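Structure first, then comments.
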Amino acid sequence: MKTFVIKGNLCFSRSMDELVLMEQSYIVVEDGRVAGTFRTLPERYAQLPVLDYGDRLILPGMTDLHVHAPQFAFRGLGMDMELLEWLNTYTFPEESKYKELDYADRAYGSFVGHLLRSTTTRAAIFATIHVPATELLMQKLDDAGLSCYVGKVNMNRNSPVYLREISTNQALRDTERWLCETKERYTHVKPILTPRFIPSCTDDLMYGLARLQAKYDVPVQSHLSENYSEIAWIRELCPRSKHYGDAYEQFGLFGGGYPCIMAHCVHSNEDEQALMKKNGVFIAHSPESNMNLASGVAPVNKFLDNGLRVGLATDVAGGSHESMLRAMTHAIQASKLRWRLYDQAVKPLSFERAFYLATMGGGAFFGNVGSFLDGYEFDAVVLDDASLDHPQALSVRARLERAAYLADDRNLTAKFVAGQKILG
Ligand code: GUN
Ligand code: FE
């Protein structure tokens, strides 16, 4: 059913600073898209079936703009190190297990199950270097009805031999075959080119991936300016680049003519920020990961004020949890500490902006996604916050804020992607 009416307490962004709250109101969904939102249902829609969610909250589905599916298995573990040591100690050994399809089947089954029961409807996901396991993940996400980009990861240096492409040519051949196999195979899932980050990829691999990007017109995702040691390493690896973003740009892997996501951007300088703006690069802000790995706090309010494109991300397993509600409140909390302790020039993030980042900000990577404005794809989650009991009367705005801070994905009653009900 892709044409219907849904009723409840609607909460959605009109812009980054405007949160629309419509109590006991209606959304008319036609062919999977929002045809209109109404406080009283117009007569012309009276014949359509109505899904009445009573006093529950109806929010746009959320976009997790950066998450590592193979790291879900060790979420909440190993938070005692910074990025580069963390990768070598915890991440690479775990990711090597996805060579075995049996393990991948169990682990990815668990990941997709959790994602399905979260407020996330769309995600940009890193898999591992292994093609069969990556395709298994894509199939599971597609079967669940989640709309995702998934990347077979490329890495051919600075990792143990057990988690490294055999050769550059082999990596490019595998990646091209995988792109051809998966470009049209699924209904909801698409491939995205995924160099892990520059320290993991030789120059010839990066140039080869840029050729594949141009040949198949696919989007790109990677990591950028997350950690001080990483950035110092880039200066050694790419001495002719002006900054880390410029190094991607020189390889032809920094957006511009095509969609591109860069995770973190905690320490991006002014030039790097300007280049991201020029190229329309999406920043995947990952506040919990940036705290856990002691990377720092990105000036996300500054990015927004300056017109950069930003979404929110869990970055599991840098982040410990798949909940985008938690990511919202972590973003606010981190921005407050950054402001108090470090830089009064960038104000803390408002609740409105955090909500925007989780919905419309990241949703924009998928088109008109993440709001209930007319014409948007109807991605929605229905939250029953009755278990978060309170003696006093609360407005819908207050209930929404509490639902985020007390984030409990068990409150999810139903979930829709592009008008299709996939849960509840
Ligand atoms: N940089 C390169 N690989 C990774 C990863 O797996 N997680 C994070 N947070 N940063 C990275
Ligand atoms: Fe990451």
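One-based numbering, in listed order, for ligands and for the atoms of each. On a predicted model such as this, the values are computed, not experimentally measured, just so you know.
- Proximity of Trp86 to ligand 1, defined as any heavy-atom pair under 4.0 Å, is confined to the side chain (atoms from C-beta onward).
- Between Met155 and Leu163, the closest side-chain pair of non-hydrogen atoms falls below 4.5 Å.
- Judged by the 6.0 Å distance and 45° axis criteria, Arg56 is not positioned over the aromatic ring of Tyr53.
- For the residue pair Asp204/Thr202, the side-chain donor-acceptor check at 3.5 Å is satisfied.
- Between the side chains of His264 and His285, no donor-acceptor pair of N or O atoms lies under 3.5 Å.
- For ligand 1, the atoms lying closer than 4.0 Å to a non-hydrogen atom of Gln71 are 5 (C), 6 (O).
- Residue, atom and distance of the protein heavy atom nearest to atom 9 (N) of ligand 1 are Asp315 OD2, 2.8 Å.
- Within the protein, the N, O or S atoms lying under 2.8 Å from the Fe ion (ligand 2) are His66 NE2, His68 NE2, His223 NE2, Asp315 OD1.
- Shortest contact from atom 3 (N) of ligand 1 to any protein heavy atom: Arg196 NE, 2.8 Å.
- Side chains of Tyr244 and Glu230: a donor on one and an acceptor on the other come within 3.5 Å.
- Residues Leu275 and Glu249 are in side-chain contact: their nearest non-hydrogen atoms beyond the backbone lie under 4.5 Å apart.
- For ligand 1, the atoms sitting less than 4.0 Å from at least one non-hydrogen atom of Glu226 are 1 (N), 8 (C), 9 (N), 10 (N), 11 (C), numbered in the order shown with element in parentheses.
- Using a 4.0 Å cut-off between a side-chain N of Lys or Arg and a carboxylate O of Asp or Glu, Asp174 and Arg177 qualify as a salt bridge.
- Panel note: side chain His68, backbone Thr128; no donor-acceptor pair is recorded below 3.5 Å.
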